[in-house]
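Here is the structure we will look at, set down as structure tokens.
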Amino acid sequence: MIPYGRQDIRQEDIDAVTAVLRSDFLTQGPVVPRFERQLADRVDAGHGVACNSATSALHVACLALGVGPGEIVWTSANTFVASANCARYCGATVDFVDVDPETGNMSVAALRVKLEVAAHDGQIPRVVIPVHFAGQPCDMGAIGELADEYGFSVIEDASHAIGGNWHGDPIGSGRHSDITVFSFHPVKIITTGEGGMAVTNDAGIAEHMSLLRSHGVTRDPGCMSREPDGPWYYEQIELGFNYRLTEIAAALGESQLARLDDYVERRRALAKRYDRLLSGLPCRPLARTPGAESAWHLYVVRLDDPVRRRSVFDALRHRDIGVNVHYIPVPSQPDFARLGFDMSDFPGAASYYAGAMSLPLHPGLSEGDQDRVVSALREALA
Ligand SMILES: *Cc1c(COP(=O)(O)O)cnc(C)c1O
């Protein structure tokens, strides 16, 4: 099977992990803070808070921005369920903004209309979570302006987008947002096995997220409410979690991060090649947003005739080509439909979903593999 995504593990990754296994610390040692510093520097962010998944990073990001019961969080209708679940973990109400079916990204027009209605009803969300779908940045300039106008915070779900840029600024630089979250799941751009990181330019938010990541427990006398009764003393000052990344995972992340530019470059070259090989077929790639440089997590094609998606999908899988579909619109999931969501409110996501298919794209994909994918697709579409 040619998978749609796959990690790339080299000898230097294995050496980095092995060195940690032989060291004194498997967790809470020097590698996690070093990885946080390196990644934050790479994406032009002030601070990084590593977590054991992007899901947990999204959770602490929401909490640090004051999301709780009675608050509202909006995210994209076209995303993985985790972008919405983080709000539910906090006891908040989640809602969705429809997407532009041509890019799969949050529609700024839909966001604007929804904000006008929400302002009228006194229901402005505390946080909006745009998702850089497939690695292509959303229109962060417009979203940032709306955030200023309406007074909500922004968490970029950049699980797909490390290495991408918006008008020359690295995703993570936080020019138009409060926090950006990356995922290191093995299908993403770089991996730690499981893992994620929240980056921010706000030292207070970073400190709060790292407290929440580690039980809400502090050893900093400045944060304590009582006098320490000995050098062993620590205080739980808030209910937190164990969302820590291990040293083992961070070593892998650090080693992978050193190849981030190569990965994105390779993905971009393969995507360009797909563009060329697929031209003339009755399908099209996602539309490109001016100013957005994708990290190319996914290469999605949209079939001109969505009715044929199932048969084309089956034909490719039958040939051991690991096509996939990203994403089933979250509001259509049973556990969200139960909350009252109705897909007729998300025509962009429904139309996008009907004809979408992700083709294999990862750094280990050879041009020969890619030719196989394209010829199988050409045949299935004939
Ligand atoms: C992968 C992914 C997540 C969750 O990442 P984990 O690290 O697996 O928790 C969240 N949002 C999006 C858009 C993703 O693709």
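Numbering of ligands and ligand atoms starts at 1, following listing order. Count residues from 1 along the sequence. These numbers come from the heavy atoms of this one structure, side chains and all, not from hydrogens, waters or symmetry mates.
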Seminar exercise, completed: of all protein heavy atoms, closest to atom 9 (O) of ligand 1 is T55 OG1, 2.5 Å
Exercise. From E235 CD over to C223 SG, what is the distance, rounded to the nearest 0.5 angstrom?
Worked result: 9.5 Å
Exercise. Which heavy atom of the protein is the closest neighbour of atom 15 (O) of ligand 1, given with residue, atom name and distance?
Worked result: H160 NE2, 2.7 Å
Exercise. Taking distance alone, with no angle check, do A54 and ligand 1 share an N/O pair under 3.5 Å?
Worked result: yes
Exercise. Side chain, backbone, both or neither: which part of F182 comes within less than 4.0 Å of ligand 1 when only heavy atoms are counted?
Worked result: neither
Seminar exercise, completed: The closest protein heavy-atom partner of atom 10 (C) of ligand 1 is S159 OG, 3.4 Å
For this session: Decide if atom CZ of R88 counts as having more than 12 heavy atoms of other residues, nucleotides or ligands within a radius under 6.0 Å.
Result: yes
Exercise. With side chains defined as the heavy atoms from C-beta onward, is the minimum distance between I72 and F152 less than 4.5 Å?
Worked result: no
For this session: Please write down residue, atom name and distance for the protein heavy atom closest to atom 11 (N) of ligand 1.
Result: D157 OD2, 2.8 Å
Exercise. N/O to N/O below 3.5 Å, does that happen between Y327 and ligand 1?
Worked result: yes
Exercise. Is the shortest distance from a heavy atom of K188 to ligand 1 less than 4.0 Å?
Worked result: yes
For this session: Could you tell me which atoms of ligand 1, counted from 1 in the order shown, lie closer than 4.0 angstrom to a heavy atom of G195?
Result: 7 (O)
For this session: Determine whether I143 and L111 make a side-chain contact, defined as any pair of heavy atoms from C-beta on separated by less than 4.5 Å.
Result: yes
Problem set entry | S83 heavy atom under 4.0 Å from ligand 1 | yes
Exercise. Can you say whether the rings of F336 and F96 are parallel (under 30°), tilted (30 to 60°) or perpendicular (over 60°)?
Worked result: perpendicular
Exercise. In terms of atom number and element, which parts of ligand 1 are under 4.0 angstrom from non-hydrogen atoms of V131?
Worked result: 13 (C)
Problem set entry | ligand 1 atoms in contact with T79 (distance to a heavy atom under 4.0 Å) | 13 (C)
Exercise. With a 4.0 Å cut-off on heavy atoms, is F133 touching ligand 1?
Worked result: no
Exercise. Is atom CZ of R175 surrounded by more than 12 heavy atoms (other residues, nucleotides or ligands) closer than 6.0 Å?
Worked result: no
For this session: Could you verify whether a donor N or O on one side chain and an acceptor N or O on the other, from T180 and E156, lie under 3.5 Å apart?
Result: yes
Exercise. For ligand 1, is there an atom lying under 4.0 Å from some heavy atom of A57?
Worked result: no
For this session: If the plane angle is over 60° it's perpendicular, under 30° parallel, otherwise tilted; pick one for H160 and H297.
Result: tilted
Problem set entry | Short side-chain to backbone donor-acceptor contact, R308 and G355, under 3.5 Å | no
Exercise. Do S183 and ligand 1 have an N or O pair less than 3.5 Å apart?
Worked result: yes
For this session: Please state whether the rings of Y327 and F133 are parallel, tilted or perpendicular, taking 30° and 60° as the class boundaries.
Result: perpendicular
